[in-house]
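Notes for the one structure printed next.
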Amino acid sequence: MADGPVAEVLLQRLEAADGGLDSAELAAELGVEHQTVVGAVKSLQALGEIIEAELRSTKRWELTAEGEEIAREGSHEARVFRSVPPEGLPQSELMRLPSGKVGFSKAMSNKWIRVDKSAADGPRVFRVVDSVEDEVQRRLQLVQGGQAEKLGEKERSELRKRKLLTEVNLKTYWVSKGSAFSTSISKQETELSPEMISSGSWRDRPFKPYNFSAHGVLPDSGHLHPLLKVRTQFRQIFLEMGFTEMPTDNYIESSFWNFDALFQPQQHPARDQHDTFFLRDPAQAQQLPMDYVHRVKRTHSQGGYGSQGYKYNWKLDEARKNLLRTHTTSASARALYRLAQKKPFTAAKYFSIDRVFRNETLDATHLAEFHQIEGVVADHGLTLGHLMGVLREFFSKLGITQLRFKPTYNPYTEPSMEVFSYHQGLKKWVEVGNSGIFRPEMLLPMGLPENVSVIAWGLSLEREHLLCTESCAVIMTYTSLLP
Amino acid sequence: MPTVSLKRDLLFRALGRTYTDEEFDELCFEFGLELDEITSEKEIISKEQGNEKAQGASDVVLYKIDVPANRYDLLCLEGLVRGLQVFKERIKAPMYKRVMPNGEIQKLIITEETAKIRPYAVAAVLRNIKFTKDRYESFIELQEKLHQNICRKRALVAIGTHDLDTLSGPFTYTAKKPSDIKFKPLNKTKEYTACELMNIYKTDNHLKHYLHIIENKPLYPVIYDSNGVVLSMPPVINGHHSKITVNTRNIFIECTGTDFTKAKIVLDIIVTTFSEYCENQFTVEAAEVVFPNGKLHTFPELAYRKEMVRADLINKKVGIRETPENLAKLLTRMCLKSEVIGDGNQIEIEIPPTRADIIHACDIIEDAAIAYGYNNIQMTLPKTYTIANQFPLNKLTELLRHDMAAAGFTEALTFALCSQEDIADKLGLDISATKAVLISNPKTAEFQVARTTLLPGLLKTIAANRKMPLPLKLFEISDIVIKDSSRDVGARNYRHLCAVYYNKNPGFEIIHGLLDRLMQLLDVPPGEKKGGYVIKASEGPAFFPGRCAEIFARGQSIGKLGVLHPDVITKFELTMPCSCVEINIEPFL
């Protein structure tokens, strides 16, 4: 109710007033609650420049309920004095009076009354003086009349200690005319309506201003998972670079494709129960390309293709063991094997991004499954320089331009290089990926031509996501719905 | 990757110069090592057990260096320093020589009882060695590192080193019943039988890990000298009698194992690394091993092998243009002594016994590239011309994901592994009915099976997000796994799409509407006719009776939709009605 009766009166008074008026005074004059006047001031303020209101805070002394009683009836001690007749009063009777207890001791210390303890029927109270000045009542009446300032600081604090006076903080408004002052105000419209448009009434109506510092209402939409959005970005990069996506929709893999085909020996620690999830059912892969298996077996146990081999007793049963793939390189091995069966050889660029599994206990830094990103190029005469060149292009598409390469060891690549990038936030070089040229012991048993090299690299989607969050900060503002 | 912990000052003294931490880090990086941490014993103890325990511990600076898993020759100070000094051309790689003793050769006789348990043994002698405290500690530490890495926690190879002057050969490597083996083991004061020892060591934090290797075998391996003194009971413990100390001058080394190649490598690594401290530097005294078939082998092998690689092959594989002479020089810096021979393009490389990791020309090429400096190689782009193709299933998935989000559903990403309970009990199914693959060695119940449906993951996601305002609308498009005997591995993935609606009302019409929208997007018209889709009343243990329908599209059943059974909702710790749809999207490829 912007134009309630109080607001109207306020505007009329303001028009007549010289300069302005005080909200508390107005409330007193109108005989309404101060809060009602404040409400009127606020609603007028919301209408724009009609009035100006300045918040003032004033301190005021008010009587407590007991204080008011005393101002009306006199102080307890005066009431005690008045109730003592000239012939005196038994103390026990006096004490029964409403003001008896407090008034007695105060009147005694004022030396207005005395007690005769030797009286026949017990202690008796007599007046000492004929008449008294009730200072307390007088002072409280002063305060009541709005003249608290006439009292000294000491007098006031004494009354406050007796809980007769209290100091209140009063917030009032000093109201004055605004630049668009008018006594006639009309209700503001909140929103444009179809009727206003059709009738044209919007031309004559004032509209309530918007609060532009408020937040909007979020759209009622679904959204994509942040990590999978990064997956989409990586897919896009590979596709831009001309890489074909490999099928990776087989979480279950045989040890053969996951390890043996990659020339990873059967005693390798990664093949431990500790690190890899093996299957109880189906426990074994029934079908393996046996011709190829024999070449792999020979390469492991005796060497060949220019290799010394690992010289150990390679077991088919070990290769048949089913597991949850520990890397997508198993899918790359299958893709390269298929490529090797195509004659004549045609160059290929492959990529994949999919889940891999490690036998870990979940905690803040370990996941039992994560996404591996892998890129592979197979062609004649590829060099380490080519691998580095492809990595440079790949990472520059991610906005990572400072790279350096560290020699490392991977069981199925040689040479191998870890890729480091300078992290601006951490101020140090961090590993962003692993790469290398697949070993001939892996490629030649597949049937790939001898002069074909295959360069490859891999990284973790989760890790890349974390390292990139500096530049992809917006991704993290969505609620991540991970269980 | 093994980590070697070295005292910095000792390392710098051996390298003949000091480095700043940054300089040494740089050197490591170039050589393929990683300076992982700079610390001290005090810091380590204080980190692990608190400041009080660290009182009085040594604050000598330690470098923790990560060494590539195939470089056993770099697993201790002596080997690492030798590698770096040769790399920096401050010294030449030593030539290791096997020599015959002046007196009688030490002999180790293998009996046939070992065949079933630990058939191989090799041996050698380090003569007139001079230990210091640091050297002695390094010698012990190297054995430990080898045990943990190439020896596969002693399963493949176990090393025993003995004070030869306390023993008298020939030695016998045999296998006996545990109750028949009795000796005083290392650092104990009395004799025990093997059975007793296995019990005692069950509580030994270090040794308990090796007991399983022989525990259930009828015979335990054991080595005796000619007087019946026990040298060791591999792979568990040595005898106390022949314990080596810092004052030991002549060391008998035996390696027993199940992998002959690795046993020979381990022996070569130990003797090459520590022959530096022998009176005749880099010489190792031979020992003879007699195999059960009577054949006689002399160890250590210390074999130097010659490989021939063409210079242009190295240049071609690395992508550089160096002269054959320069390439030979680079390889020599990697402890691979090389020279140009023949037509001037041929490089002859000598592979020393320390470099068992060199098994193919590609290993030699890598070393040339490391010595050249990876970061000095010119980056170029291959001219490989290819046309990119998306994997059709992933292409379809990507399209559908965006449409599902546009339809107001939020994508979840949930684990492919879960508990048996999630896919069976909680959905009112028996595990055998799910055709799920079972994991044999999960560490926790969260990873017992691969999921056969996406629904449990989404319900768990809702449970974890209950504080979010209703309704919750989630979806996931991902793979599930089902046993399938027609596949080579006996199982296959299916790409599923699942969506759930969770609110104060079941919202079947919303899930149904989502299905209709999906079919519209996939260009599948409603209706029974060929190529269309219909839903038909059905039932399933996960659904509320009368609120479940089966979805048929393109002539086959592709999944179900419906209102979840209150029991299912409760079992996933949810409280509101929930409807869901789950389909296989592969028929739409």
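Residue numbers start from 1 in every chain, and the chains themselves are labelled A, B, ... in the order their sequence lines are given, proteins ahead of strands.
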**Q.** Any Leu382(A) side-chain heavy atom under 4.5 Å of Pro382(B) side chain
**A.** yes

Q.
For Phe243(A), which atoms come within 4.5 Å of any heavy atom of chain B: side chain, backbone, both, or neither?
A. backbone

Q: May I ask you to name which of Phe420(A), Tyr310(A), Tyr312(A) has the most heavy-atom pairs under 4.5 Å with chain B?
A: Phe420(A)

Q) If every non-hydrogen atom of Asn389(B) is compared with every non-hydrogen atom of Thr244(A), which pair is closest and at what distance? A) N-OG1, 2.9 Å

Q: Answer whether the closest heavy-atom distance between the side chains of Ile439(B) and Leu324(A) falls below 4.5 Å.
A: yes

Q. Side chain, backbone, both or neither: which part of Asn359(A) has a non-hydrogen atom closer than 4.5 Å to chain B?
A. both

Q: Determine whether Phe405(A) and Met379(B) make a side-chain contact, defined as any pair of heavy atoms from C-beta on separated by less than 4.5 Å.
A: yes

Q | Heavy-atom proximity to chain B below 4.5 Å, by part of Gln273(A) | A | both

Q: Examine the side chains of Gln287(A) and Arg487(B) and answer whether a donor and an acceptor come within less than 3.5 Å of each other.
A: no

Result block: side-chain N/O donor-acceptor pairs under 3.5 angstrom for residues 360-367 of chain B, not counting sequence neighbours:
| from | atom 1 | to | atom 2 | distance (Å) |
| --- | --- | --- | --- | --- |
| His360(B) | ND1 | Cys362(B) | N | 3.0 |
| His360(B) | NE2 | Tyr305(A) | O | 2.8 |
| Asp363(B) | OD1 | Arg439(A) | NH1 | 2.9 |
| Asp363(B) | OD1 | Arg439(A) | NH2 | 3.2 |
| Asp363(B) | OD2 | Arg439(A) | NH2 | 2.8 |
| Asp363(B) | OD2 | Ile359(B) | N | 3.0 |
| Asp363(B) | OD2 | His360(B) | N | 2.9 |
| Glu366(B) | OE2 | Ser416(A) | N | 2.7 |
| Asp367(B) | OD2 | Arg355(B) | NH1 | 2.9 |
| Asp367(B) | OD2 | Arg355(B) | NH2 | 2.9 |

Q: Identify the two heavy atoms, one from Lys395(B) and one from Arg235(A), that lie closest to each other, and give their separation to 0.1 Å.
A: N-NH2, 4.0 Å

Q | Part of Val377(A) within contact of chain B (heavy atom distance under 4.5 Å) | A | side chain

Q. Is the closest basic N to carboxylate O distance between Arg404(A) and Glu26(B) below 4.0 Å?
A. yes

Q) With a 4.5 angstrom heavy-atom cut-off, which part of Val437(B) approaches chain A: side chain, backbone, both or neither? A) both

Q | Any donor-acceptor pair under 3.5 Å from Thr383(A) side chain to Lys316(B) backbone | A | no

Q.
Taking atom CD as the centre, does Glu240(A) end up with more than 12 heavy-atom neighbours from other residues, nucleotides or ligands that are less than 6.0 angstrom away?
A. yes

Q | Heavy-atom closest pair, residues Gln267(A) and Asp259(B) | A | NE2-OD2, 3.1 Å

(Q) Does Lys435(B) form a salt bridge (charged side-chain N to carboxylate O under 4.0 Å, His left out) with Asp281(A)? I'd like the steps, not just the answer. (A) CA-CA 10 Å; Lys435(B) 287 166 72 185; Asp281(A) 182 22; over 6 Å; no

Q) Is it the backbone or the side chain of Phe29(B) that comes under 4.5 Å from a heavy atom of chain A, or both, or neither? A) both

Q. Checking heavy atoms, do the side chain of Phe475(B), its backbone, both or neither come under 4.5 Å from chain A?
A. side chain

Q: Taking all non-hydrogen atoms of both residues into account, name the closest pair between Tyr374(B) and Pro415(A) and its distance.
A: OH-CB, 3.6 Å

Q: Mark yes when over 12 heavy atoms from residues, nucleotides or ligands other than Gln378(B) sit less than 6.0 Å from its CD; otherwise mark no.
A: no

Q.
Between Arg492(B) and Asn250(A), is there a side-chain heavy-atom distance shorter than 4.5 Å?
A. no

(Q) For Thr444(B), which atoms come within 4.5 Å of any heavy atom of chain A: side chain, backbone, both, or neither? (A) side chain

Q) Given that the side chain runs from C-beta out, which part of Gln284(A) has a heavy atom under 4.5 Å from chain B: side chain, backbone, both or neither? A) backbone

Q.
Tell me if a side-chain donor or acceptor on Lys443(B) pairs with a main-chain N or O of His274(A) at a distance below 3.5 Å.
A. yes

Q) Where do Ser453(A) and Lys317(B) land on the side-chain hydrogen bond (donor to acceptor under 3.5 Å, both in side chains) test, with the steps shown first? A) CA-CA 8 Å; Ser453(A) 294; Lys317(B) 291 282 180 191; 3.0 Å; yes

Q.
Heavy-atom cut-off 4.5 Å, strictly under: side chain, backbone, both or neither for Glu307(B) against chain A?
A. side chain

(Q) Just checking Asn376(B): does its CG atom have more than 12 heavy atoms from other residues, nucleotides or ligands closer to it than 6.0 angstrom? (A) yes

Q. Which bit of Ser221(A) comes within less than 4.5 Å of chain B, counting heavy atoms only: side chain, backbone, both or neither?
A. backbone

(Q) Go through it in stages, so that I can follow the logic: the residues are Arg152(B) and Asp272(A), the test is salt bridge (charged side-chain N to carboxylate O under 4.0 Å, His left out), and I'd like the CA-CA distance, side-chain angles, deciding distance and then a yes or no. (A) CA-CA 10 Å; Arg152(B) 301 289 298 116; Asp272(A) 246 27; 2.9 Å; yes

Q.
I'd like to know if the side chain of Thr261(B) and the backbone of Lys311(A) have a donor-acceptor N/O pair within less than 3.5 Å.
A. yes

Q: Indicate yes or no for a side-chain donor-acceptor contact from Glu411(B) to the backbone of Leu224(A) under 3.5 Å, with no hydrogens or angles considered.
A: no

**Q.** Structural part of Leu387(A) lying under 4.5 Å from a heavy atom of chain B
**A.** neither

Q) Could you give the distance from NZ (Lys229(A)) to NE2 (His402(B)), rounded to the nearest 0.5 Å? A) 8.0 Å

Q.
Contact between Asp479(B) and Tyr251(A) at the side-chain level, heavy atoms closer than 4.5 Å - yes or no?
A. yes

Q: Would you mind checking if Asp249(A) and Arg495(B) are paired as a salt bridge, meaning a charged N to carboxylate O distance below 4.0 Å?
A: no

Q | Region of Ala369(B) that comes under 4.5 Å of a non-hydrogen atom in chain A | A | side chain

(Q) Report which part of Met404(B) has an atom under 4.5 Å of a heavy atom belonging to chain A: side chain, backbone, both, or neither. (A) neither

Q: Pick one of side chain, backbone, both or neither for Arg320(A), based on which atoms fall under 4.5 Å of a heavy atom in chain B.
A: neither

